[in-house]
Structures are given as C-alpha cells and as structure tokens.
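Numbering of residues begins at 1 and proceeds along the displayed sequence. Any value given below was found using the heavy atoms of this structure, including those in side chains, with hydrogens, waters and symmetry copies removed. Quantities reported herein were computed from a predicted structural model and do not represent experimental measurements.
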Amino acid sequence: MSAESPDSTEKTALLGGQQQGQPPAYTPTPPSAPPPYSNAQQTGPPPPQAHQQVVTTVIQTQPTIIAPFGFSDYPVTFTDSDGQQLQTILEYRAGSTTHLIACILCFVGWFVFFPVLCCFWIPYVLDGTKDVYHIHPIHGTVVGVYRRR
C-alpha cells in the first residue's frame, strides 16, 4: 500500500510539498547587531541659540493676615511675613447699608416730610454708614472688609 491516493497528493500540493502532520522546518537566524552610534548624536537638550530669549517668571505671594476678632471700624495691627509690625489703612466705600438708608430717607421725604426729600445724600458722606475696607499699607491690596448690617 505504498501508492498514494489522488486526494493525498492534492493535500501535499496544497501544503507546499510537506507531508500531512509534519510541522514546517525551522531555521534560526542570528540576531542582527544594532547600528553603531556616531559622534554626531548627542543626548540632552540642544545648546542655546544666539537668538533665543530667556524668560524669567516672578511669583509674588500675598501675606496671610489673621485678625484675632475680625475686622471693624478700627485699623488692625498685624505682623507681616517679613516680621514687620504693620497697621491696615481704612478706606470707606458705599455699600448696601448706605443705599438702604438713602432709599428710606428718600421715601420718608417724599411721602411724609417734603423738605427731607433732599437729604438722601447724607449717608453717602457719613463714614458710619459705609463699609470699611482694610488695605495693606505696603502692597495696597484689600486685606479684609467690615460690612455694615
């Protein structure tokens, strides 16, 4: 029974001349060496060019001030981050209380006492009706606000 059947010859032809059940032959290839390094390649950033600009960013932090009892009508004394004893500068600005008092004066003046109608401007010139802004004496930034209620 050495004769091959016609179906087995077709299978052998389809498998590339290999007999059925045999794995393909393996021929190992030696690993190739990496390409040689040339002196032209450098590691790290390229050297600075003559036309490049150097940008320096300066970050300033504002001092953190903790008032022991909060802010009020009086200046607050505090110690700056440099160890200096400083006192806040007070700045008065019209706030919601100022506008409310002006509206009340206008309403009362219009309906009750006509001569009082022109007195709505009084809260805008009195510091006792305005909000108090505490300003840092060196930086000029707002440290805290005392709002009238």
Side-chain angles (χ1 to χ4, degrees), residues 10-149:
E10 287 178 15
K11 288 181 184 177
T12 306
L14 289 175
L15 292 175
Q18 297 176 0
Q19 297 216 355
Q20 190 175 10
Q22 294 286 331
Y26 175 72
T27 55
T29 57
S32 61
Y37 292 105
S38 66
N39 291 336
Q41 292 179 341
Q42 295 179 355
T43 59
Q49 302 292 329
H51 63 279
Q52 288 182 338
Q53 291 180 339
V54 177
V55 178
T56 303
T57 304
V58 177
I59 299 173
Q60 293 181 341
T61 58
Q62 296 297 325
T64 303
I65 300 168
I66 300 172
F69 300 108
F71 297 101
S72 65
D73 286 351
Y74 303 103
V76 175
T77 303
F78 64 96
T79 304
D80 198 6
S81 59
D82 298 333
Q84 298 176 347
Q85 193 85 5
L86 300 173
Q87 194 173 31
T88 59
I89 298 170
L90 301 181
E91 184 177 304
Y92 297 93
R93 299 180 189 170
S96 58
T97 305
T98 310
H99 302 308
L100 179 67
I101 293 172
C103 287
I104 291 171
L105 284 176
C106 187
F107 179 77
V108 169
W110 185 260
F111 292 106
V112 180
F113 304 107
F114 186 71
V116 183
L117 174 66
C118 296
C119 296
F120 70 91
W121 54 269
I122 292 176
Y124 293 103
V125 295
L126 295 177
D127 289 339
T129 61
K130 297 179 181 179
D131 294 340
V132 182
Y133 284 74
H134 291 264
I135 309 295
H136 192 281
I138 296 173
H139 301 292
T141 57
V142 176
V143 175
V145 179
Y146 173 65
R147 299 203 186 273
R148 304 278 181 189
R149 303 210 192 277

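Within the model, atoms CG of Asp127 and CD of Glu91 stand 11.0 Å from one another, a figure rounded to the nearest 0.5 Å.
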Check: Tyr124 and Thr98: side chain to side chain contact (heavy atoms under 4.5 Å, CB included), yes or no, with the steps?
Finding: CA-CA 6 Å; Tyr124 293 103; Thr98 310; 3.6 Å; yes
Item checked: Derivation of the side chain to side chain contact (heavy atoms under 4.5 Å, CB included) call for Val132 and Phe71 -> CA-CA 8 Å; Val132 182; Phe71 297 101; over 6 Å; no
Margin query: For Leu86 and Thr79: C-alpha separation, side-chain torsions, deciding distance, then whether side chain to side chain contact (heavy atoms under 4.5 Å, CB included) applies.
Written below: CA-CA 6 Å; Leu86 300 173; Thr79 304; over 6 Å; no
Next item on the list: Show your working on side chain to side chain contact (heavy atoms under 4.5 Å, CB included) between Gln84 and Phe78 and close with a plain yes or no.
Entry: CA-CA 8 Å; Gln84 298 176 347; Phe78 64 96; over 6 Å; no
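Contact record, Phe120 with Cys106: CB-CB, 4.3 Å, taken as the closest heavy-atom pair. Nearest approach of Arg93 to Lys130, heavy atoms of both residues: O-CB, 3.3 Å. Between Pro123 and Ala102 the shortest heavy-atom distance is CG-N, 3.8 Å.
Using a distance-only test at 3.5 Å, with no hydrogens or angles considered, no donor-acceptor pair links the side chain of Arg148 to the main chain of Asp131. A donor-acceptor pair is defined here as one N or O able to donate and one able to accept, closer than 3.5 Å; such a pair exists between the side chain of His134 and the backbone of Ser72.
Counting non-hydrogen atoms of neighbouring residues, nucleotides and ligands closer than 6.0 angstrom, the CZ atom of Phe107 reaches no more than 12 such neighbours.
Using a 4.5 Å heavy-atom threshold, the side chains of Ile135 and Thr141 count as separate.
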